[in-house]
Amino acid sequence: NLAFKRYSLIFLLSDIKVECGPDSVTLRWRALRAQIDPSLLLLGDCSPNSMSSGEAMFQVELGDCNFKRMVTGDTLMYMNELTFTSAPKPHVKTFSYPVVCAYERPADWEPPMFEPVLFHTFGRGDLVFQMELKKDDLSGPHLSREYPLGSFIHISAAVEQKVHQPLALFLEECVATTTPELGSEGLVHPIITNNGCLVDSKTSNSKFQPRQETSELSLFLQAFKFAIGEEVYIHCKLLAWDPTAIDTSKKACHYVKGHGWELLDDPYHSTVCDCCDFSCKSRTKRGIETGMLQMQNAVLGPLIITNNSPS
């Protein structure tokens, strides 16, 4: 590919300068000796702030541009990627450069909660999704990242609805992993599968709690024997849907010992949960016009499951 060879000649790593500030990053690239469409040069999903005299400059907050955050030991890292494509179509990277800012982990650092993400819904208002780890009495955020084996991890999720019709919140999938990103190497423990089936409840005392509002969902997850003493992350996919349209692909089911699968929102219709032991086929998901809104995976952690007995 001639275009790739031409651009690779002028892309010198020594011409890329990264300066990490307390809460921002400045990146300068001085190797741009050709006319380049700024839309083809990206830091994460952000375009350059300026381009002049053969230099592209990004000056962005660490909370922007799709930076990924990872905490390992005493180090807090923010990671992203600088990319360039030779043409908008096909959108194939011809150059990429990892951008990493590393900081000392703050002494008062606590397990991060999933920060609210604003969803724009084609003029029908905004939704704000939240997920966090709560104290035992649900009075506020959990202050420790350690959970003794057999104790309960209280997960609270909610969707804030401003001008939408009432929506019900569901946890479509949840897994525990030893990595902050899905698909990475590491152990995996399924928690919720099959479009809302709390499979962990078949071998533990985990259960959904009665809803206070349809837009809220609480899960008491019993700390399981998984990666004891290691950092554990809980990945979940949240789904907001019309509360009158519960079916096998949109539900919250947990297993009740001696009884079987039970539908949280209407135990009388628990047959909806019968597929939890097999395969709950997903119906073709309707679009925004019929009220469905789905968000990306949310991540909680890291937390640590210890071998100590709960007090």
Holding to salt bridge (charged side-chain N to carboxylate O under 4.0 Å, His left out), I want the full list of residues that pass it with Glu19, two or more places apart in sequence or in another chain. Arg28
Distance in Å, [X] [atom1] paired with [Y] [atom2], rounded so as to fall on 0.5 Å steps:
X      : Y      : atom1 : atom2 : value
Asn80  : Asp45  : CG    : CG    : 7.5 Å
Ile191 : Cys174 : CD1   : SG    : 6.0 Å
Asn307 : Ile228 : CG    : CD1   : 5.0 Å
Cys280 : Asn194 : SG    : CG    : 4.0 Å
Ile155 : Phe220 : CD1   : CZ    : 11.0 Å
Lys17  : Thr26  : NZ    : OG1   : 14.5 Å

Taking every non-hydrogen atom, the tightest pair across [X] and [Y]:
X      : Y      : value
Leu27  : Leu82  : CD2-CD2, 4.0 Å
Leu171 : Cys236 : CD2-CB, 4.3 Å
Phe224 : Ala176 : CZ-CB, 3.7 Å
Pro148 : Ser151 : O-OG, 2.6 Å
Leu42  : Ser47  : CD2-OG, 3.7 Å
Gln130 : Leu238 : O-CD2, 4.1 Å

Please confirm whether the backbone N or O of [Y] pairs with a side-chain atom of [X], one donor and one acceptor, at under 3.5 Å?
X      : Y      : value
Asn49  : Gln59  : yes
Lys251 : Val272 : no
Thr178 : Leu187 : yes

Test disulfide (SG to SG under 2.5 Å) on Cys46 and Cys65; report intermediate values, then the result. CA-CA 5 Å; Cys46 291; Cys65 305; 2.1 Å; yes
Step by step, would you call Val60 with Phe67 a side chain to side chain contact (heavy atoms under 4.5 Å, CB included)? CA-CA 10 Å; Val60 299; Phe67 270 89; 4.0 Å; yes
Does any non-hydrogen side-chain atom of [Y] lie less than 4.5 Å from one of [X]?
X      : Y      : result
Arg211 : Leu217 : yes
Thr248 : Asp274 : no
Tyr103 : Pro22  : no
Glu146 : Leu303 : no
Val18  : Val100 : no
His235 : Val175 : yes
Glu132 : Pro141 : yes
Asn195 : Lys250 : no

Are [Y] and [X] linked, directly or through intermediate hydrophobic residues, by side-chain heavy-atom contacts shorter than 4.5 Å (ILVMFWY only)?
X      : Y      : result
Leu43  : Ile16  : yes
Leu169 : Leu264 : yes
Met57  : Leu41  : no

Tell me whether Glu231 is salt-bridged to Arg145, with the criterion being a basic N under 4.0 Å from an acidic carboxylate O. yes
Throw together a table of side-chain donor-acceptor distances under 3.5 angstrom for residues 197-209, partners on residues two or more places apart or in other chains.
from, atom 1, to, atom 2, distance (Å)
Asp200, OD1, His189, NE2, 3.0
Asp200, OD2, Ser204, OG, 2.9
Asp200, OD2, Ser206, OG, 2.7
Ser201, OG, Leu198, O, 2.5
Ser201, OG, Tyr255, N, 2.8
Lys202, NZ, Asp277, OD1, 3.1
Ser204, OG, Asp200, O, 2.7
Ser204, OG, Ser206, N, 3.1
Ser204, OG, Ser206, OG, 3.0
Ser206, OG, Gln222, N, 2.9

Taking atom CD of Gln212 as the centre, does the number of heavy atoms from other residues, nucleotides or ligands within less than 6.0 Å exceed 12? no
Please lay out, stage by stage, how Phe170 and Asp265 fare under the test side chain to side chain contact (heavy atoms under 4.5 Å, CB included). CA-CA 11 Å; Phe170 299 96; Asp265 296 295; 4.0 Å; yes
Side-chain donor-acceptor contact under 3.5 Å, Ser218 with His154: no
Dump the intermediate steps for side chain to side chain contact (heavy atoms under 4.5 Å, CB included) on Phe152 and Tyr147, then the final yes or no. CA-CA 8 Å; Phe152 284 96; Tyr147 290 87; over 6 Å; no
Derivation of the side chain to side chain contact (heavy atoms under 4.5 Å, CB included) call for Phe226 and Val232: CA-CA 8 Å; Phe226 173 76; Val232 173; 4.0 Å; yes
